[in-house]
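Quick caveat, the model's predicted, so the values are computed rather than measured.
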Amino acid sequence: MKIGVFGTGTVGKALGGKLLAVGHEVMLGSRSADNPEANAWAAEAGATVGTFADAARFGELLLVATAGAAVLDALGSCDAGDINGKVVVDVTNPLDFSAGFPPSLSIVNTDSQAEQVQAAYPEAKVVKTFNTISAVVMVDPASVPGHHTIFHSGNDAEAKATVAALQQSFGWPAEDIMDLGDITTARGAEMYLPLWLRMFGVVGTPFFNINVVRG
């Protein structure tokens, strides 16, 4: 599958690298196609680099891993026809660092980043996932021993199944992928981030996750 990855930071590169490793074609999207760091990474990894618009045209599936505040601007720089109708995996969190660290959330309670993407592109099939774990755990679930849970939110069952299949190719067992429901459930997944940040401060490593244990 051809996959356009929006974002050239740690998360975008980690996901892009894993997608390449399991056999997909990847284009990293950036504000500029001549991003030196992205091009150096792509040359070594076997990916290509383009603008966000290039990545949207390239991808049969789009994966958005920009900073939360940049999501709608990045998508807005593309032709809507290259987004609508596609599975759009939203990995982002609406973190606001204006008051320093730890960040607050710029969208809470009655809305979410994922809902705003879905509202802006009503014909896209937005799936919120990966945002509750670090990049290392996203692509290597075995880095955390035992069973632990990753979440999905989205309105389209087939899109969520497509994303679950990708995650299983990364090593996520099907039983550890929890479908929370429609896109409004992304509010809870995004509002989990302040707790994740506090736990990170306590455990001192990104190699952790939570497991939902059924009674």
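Judged by distance alone, the side chains of T8 and E37 never bring a donor and an acceptor atom under 3.5 Å apart. D96 and S106 share no side-chain donor-acceptor pair at under 3.5 Å. Between the side chains of D182 and N155, not a single donor N or O lies within less than 3.5 Å of an accepting N or O. With 3.5 Å as the limit, one finds a donor-acceptor pair spanning the side chains of D54 and T51.
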I would like to know whether D111 and Q116 meet side-chain contact (heavy atoms from CB on, under 4.5 Å); could you show each step before the answer? CA-CA 7 Å; D111 199 2; Q116 291 192 1; 3.0 Å; yes
As a quick check of understanding, evaluate side-chain contact (heavy atoms from CB on, under 4.5 Å) for K86 and Y121, giving each step before the final call. CA-CA 10 Å; K86 295 181 180 178; Y121 300 92; over 6 Å; no
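In plain terms, the two heavy atoms of T149 and V212 that are nearest each other are OG1-N, 3.0 Å. When every heavy atom of A45 is checked against every heavy atom of L20, the shortest pair comes out as O-CD1, 3.6 Å. F58 and G4 make their closest contact through CD2-N, 4.3 Å (heavy atoms, listed as atom of the first residue, atom of the second, distance). Closest approach of F52 to G29, counting heavy atoms only: CE2-O, 3.2 Å. Minimum interatomic distance between F151 and T132 (heavy atoms only, all atoms of both residues): CD1-OG1, 3.8 Å. Closest approach of A186 to A114, counting heavy atoms only: CB-CB, 3.7 Å.
Counting non-hydrogen atoms of other residues, nucleotides and ligands closer than 6.0 Å to CD of E60 gives a total above 12.
With ring centers used as reference points, W172 lies under 6.0 Å from H148.
Just one residue in the list L62, V89, L19 forms a side-chain contact (heavy atoms from CB on, under 4.5 Å) with I3, and that residue is L19. Each of N209, D176, N211 was scored for a side-chain hydrogen bond (donor to acceptor under 3.5 Å, both in side chains) with H147, with one residue passing: D176.
Remark: side-chain polar atoms of T92 are not paired, donor with acceptor, to backbone N or O of G68 under 3.5 angstrom.
Taking the six-membered ring where tryptophan is involved, the planes of F97 and F101 are essentially parallel, since the angle between them stays under 30° and well short of 60°.
Salt-bridge check for R214 with E175: failed, with every basic side-chain N at 4.0 Å or more from each acidic carboxylate O. Taking a cutoff of 4.0 Å between a charged side-chain nitrogen and a carboxylate oxygen, E190 and K128 qualify as a salt bridge.
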